[in-house]
Novice: 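The structure is given below, and queries will be raised subsequently.
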Amino acid sequence: MSITRKVKGVGWNVSAIGNAVWGGAKLADILELIGVPKLTSSTQSGGKHIEFVSIDKCEEENGGPYKASIPLSQATNPEADVLLAYEMNGEPLNRDHGYPLRVIVPGVIGARSVKWLDSINIIAEECQGFFMQKDYKMFPPSVDWGNISWNTRKPQMDFPVQSVICSLEDAQSIKPGKVRISGYAVSGGCRGIERVDVSIDGGKTWREATRFQKTGTPYIADGISNDKWAWVLFELTVDIPQSTEIIAKAVDSAANVQPEKVQDIWNLRGILNTSWHRVHVRIGHSNM
């Protein structure tokens with residue numbers, strides 16, 4: 001995004017995502033134990049949000065704790081799978097991933113999955129912490145630091161559809177012939193990946209890639225056997241006779257499509273660049 005216009009943010013490139021198997025207790029079950037029934041949107045005392053507070057202190061909170069919230073209706077919905085996690089990939093959480101306890105809010109940007117959990121509060125209004133109110137919000141390209149009004153936008157929650165080519169790097173040199181193009185696609189809000197389109201001629205023509213989550217098992221968007229919160233892998237082997245631009249774009253089960261150009265979604269905070277992923281390759285000596 002900063003190539004288009006300078007933004008304020010961390011340069012994540014295409015790697016700010018992971019895929020893991022989490023173990024823990026469903027938040028909906030924990031809340032039911034203290035008298036908040038499942039599928040509750042408001043308590044008798046007016047609570048409508050669940051706030052997660054970390055033991056981690058941060059400069060943005062003037063030395064106070066990192067915190068975030070989600071709607072009570074999401075927290076009490078068993079199908080939302082919000083988890084108080086103490087295991088990752090079959091082992092106890094390590095310190096970097098939030099030991100001893102963290103929140104996992106699937107389908108939602110990672111800023112809401114609070115690590116090193118200290119307390120959980122039922123509150124009337126959404127969390128007023130810095131990272132809910134003055135960060136991780138999507139503004140139109142017309143807004144800059146001179147005219148921003150943070151309270152005009154809701155905090156970013158679900159993330160949009162996106163895909164990334166992982167098997168090739170930009171400006172990579174390859175040998176002419178068969179090339180395997182593979183990567184991941186994912187969408188927020190429990191939306192499956194309907195298809196991944198790949199172009200080997202800069203977007204003039206498109207081919208549909210094979211999708212899977214488990215090797216050898218075809219993937220069907222929103223199928224009952226899917227890992228509904230997990231990424232979807234894609235793969236396509238094509239003949240690349242000459243230097244070209246390779247592009248990937250995904251479509252989710254709600255027919256949302258990745259935007260073509262980063263200029264269309266530029267925002268001053270530099271979040272959610274989900275534009276078409278483009279990789280330029282040149283024919284030459286292979287370094288694969």
Side-chain angles (χ1 to χ4, degrees), residues 9-34 36 38 47 49-123 126-137 155-160 162 164 184 186-190 213 227-231 269-272:
V10 178
W12 286 109
N13 204 314
V14 300
S15 304
I17 191 168
N19 200 68
V21 178
W22 301 95
K26 277 194 177 184
L27 181 58
D29 293 335
I30 300 298
L31 291 172
E32 190 172 47
L33 289 175
I34 63 167
V36 183
K38 289 184 172 67
H49 299 264
I50 293 288
E51 181 183 61
F52 309 112
V53 182
S54 175
I55 64 170
D56 189 32
K57 304 299 192 292
C58 51
E59 180 181 340
E60 293 85 355
E61 296 286 3
N62 297 316
Y66 184 97
K67 51 190 176 181
S69 67
I70 62 173
L72 182 63
S73 57
Q74 183 177 13
T76 59
N77 181 1
E79 295 299 316
D81 290 329
V82 181
L83 199 67
L84 299 184
Y86 43 78
E87 292 179 350
M88 179 180 175
N89 293 332
E91 298 180 352
L93 278 178
N94 64 31
R95 186 169 63 180
D96 283 350
H97 287 292
Y99 176 87
L101 191 68
R102 70 169 295 173
V103 184
I104 293 293
V105 187
V108 170
I109 67 167
R112 314 309 174 207
S113 289
V114 175
K115 298 178 180 179
W116 311 293
L117 194 61
D118 180 60
S119 62
I120 299 173
N121 305 311
I122 301 176
I123 56 179
E126 68 187 17
C127 172
Q128 295 300 298
F130 178 90
F131 293 97
M132 288 289 290
Q133 300 303 325
K134 293 189 176 181
D135 202 353
Y136 299 117
K137 291 184 176 184
Q156 185 67 41
M157 300 300 281
D158 287 3
F159 49 85
Q162 55 202 280
V164 166
Y184 69 81
V186 67
S187 191
C190 197
Q213 287 181 321
D227 292 325
K228 64 181 182 178
W229 303 114
W231 59 18
R269 181 54 184 81
I271 66 170
L272 298 178

Novice: Within a strict 4.5 Å, meaning less than it, do heavy atoms of the Asn77 and Glu79 side chains meet?
Specialist: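 A side-chain contact exists here, since the closest heavy-atom pair is under 4.5 Å.
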Novice: Once ring-ring contact (aromatic ring centres under 6.0 Å, His included) is applied, do any residues pair with Phe130, and if so which ones, sequence neighbours excluded?
Specialist: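 Partners of Phe130 by the ring-ring contact (aromatic ring centres under 6.0 Å, His included) criterion come out as none, since no residue qualifies.
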Novice: Are the charged groups of Lys26 and Asp81 less than 4.0 angstrom apart, N to O?
Specialist: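 Salt bridge: yes.
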Novice: Is any side-chain heavy atom of Val53 less than 4.5 Å from a side-chain heavy atom of Glu51?
Specialist: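 Sidechains of Glu51 and Val53: in contact.
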Novice: What distance separates Leu27 CG from Ile120 CD1, expressed to the nearest 0.5 Å?
Specialist: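 Leu27 atom CG to Ile120 atom CD1 measures 5.5 Å (nearest 0.5 Å).
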Novice: Considering only heavy atoms from C-beta outward, does the side chain of Ile122 approach that of Val36 to under 4.5 Å?
Specialist: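 Heavy-atom side-chain distance check passes, below 4.5 Å.
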Novice: When rounded to the nearest 0.5 angstrom, what is the spacing between CD in Gln128 and CD in Gln133?
Specialist: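 One finds 4.0 Å between CD of Gln128 and CD of Gln133.
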Novice: Quick one: pull up CZ in Arg112 and OG in Ser69 and give me the separation to the nearest 0.5 Å.
Specialist: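 OG of Ser69 is found 8.0 Å from CZ of Arg112.
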Novice: Does a side-chain heavy-atom distance below 4.5 Å link Phe52 with Lys67?
Specialist: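 Phe52 vs Lys67: side chains apart.
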Novice: Donor-acceptor pair, distance only, cut-off 3.5 Å: does the side chain of Asn94 make one with the backbone of Asp96?
Specialist: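 It does hold such a pair.
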Novice: Just verifying a value: how many Å separate His97 NE2 and Asn89 CG, rounded to the nearest 0.5 Å?
Specialist: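 If I round to the nearest 0.5 Å, the distance is 8.5 Å.
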Novice: Ignoring hydrogens, what is the shortest heavy-atom contact between Pro106 and Ala80? Give both atom names and the distance.
Specialist: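 Residues Pro106 and Ala80, closest heavy atoms: CG-O, 3.3 Å.
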Novice: Which heavy atom of Val14 sits nearest to which heavy atom of Tyr184, and what is that distance?
Specialist: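 Closest pair (atom of Val14, atom of Tyr184, distance): O-OH, 3.0 Å.
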Novice: How about Glu87 and Trp22: do any of their side-chain heavy atoms sit closer than 4.5 Å?
Specialist: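 No; the side chains remain at least 4.5 Å from each other.
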Novice: Go through the structure and list residues passing side-chain hydrogen bond (donor to acceptor under 3.5 Å, both in side chains) with Asp227, not counting sequence neighbours.
Specialist: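 Partners of Asp227 under the side-chain hydrogen bond (donor to acceptor under 3.5 Å, both in side chains) test: Lys214.
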Novice: Any side-chain heavy atom of Val105 sitting closer than 4.5 Å to one from Ser113?
Specialist: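 Yes - at least one pair of side-chain heavy atoms lies under 4.5 Å apart.
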Novice: Go through the steps for Asp135 and Arg269 under the test salt bridge (charged side-chain N to carboxylate O under 4.0 Å, His left out), then give the verdict.
Specialist: CA-CA 8 Å; Asp135 202 353; Arg269 181 54 184 81; 2.3 Å; yes
Novice: Let me see the working for Leu72 and His49 under side-chain contact (heavy atoms from CB on, under 4.5 Å), right down to the final yes or no.
Specialist: CA-CA 4 Å; Leu72 182 63; His49 299 264; 5.8 Å; no
Novice: Please examine the side chains of Met157 and Ile70, heavy atoms only from C-beta on, and report whether any two atoms are closer than 4.5 Å.
Specialist: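 The answer is yes; the side chains approach within 4.5 Å.
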Novice: Begin from the C-alpha positions of Ile17 and Val186 and carry the test side-chain contact (heavy atoms from CB on, under 4.5 Å) through to its verdict.
Specialist: CA-CA 10 Å; Ile17 191 168; Val186 67; 3.7 Å; yes
Novice: For Asp56 and Ser54, which heavy atoms make the closest approach, and how far apart are they?
Specialist: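 In terms of heavy atoms, the two residues are closest at N-OG, 2.8 Å.
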Novice: If you define the side chain from C-beta out and look only at heavy atoms, does anything of Tyr136 sit under 4.5 Å from Ile109?
Specialist: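 They are in side-chain contact.
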Novice: I'd like to know whether Val103 forms a side-chain contact (heavy atoms from CB on, under 4.5 Å) with Val82, so could you lay out the CA-CA distance, the side-chain angles of the two residues, the decisive distance to 0.1 Å, and finally the verdict.
Specialist: CA-CA 7 Å; Val103 184; Val82 181; 4.1 Å; yes
Novice: Would you give the length of the straight line joining atom CD1 of Ile55 to atom CG of Leu117, rounded to the nearest 0.5 angstrom?
Specialist: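 Ile55 CD1 to Leu117 CG: 9.5 Å, rounded to 0.5 Å.
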Novice: Taking atom CZ of Phe131 and atom CD of Glu60, what is their separation to the nearest 0.5 Å?
Specialist: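 Spacing of CZ (Phe131) from CD (Glu60) equals 3.5 Å.
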Novice: Which atom names give the shortest non-hydrogen contact between Gly189 and Asp158, and what distance separates them?
Specialist: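 For Gly189 versus Asp158, the nearest heavy atoms are CA-OD2, 3.4 Å.
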Novice: What are the two closest heavy atoms between Met132 and Ala68, and how far apart are they?
Specialist: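 Heavy atoms of Met132 and Ala68 come nearest at CG-CA, 3.8 Å.
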Novice: Partners of Asp29 by side-chain hydrogen bond (donor to acceptor under 3.5 Å, both in side chains), sequence neighbours excluded?
Specialist: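 side-chain hydrogen bond (donor to acceptor under 3.5 Å, both in side chains) list for Asp29, sorted by chain: Lys38.
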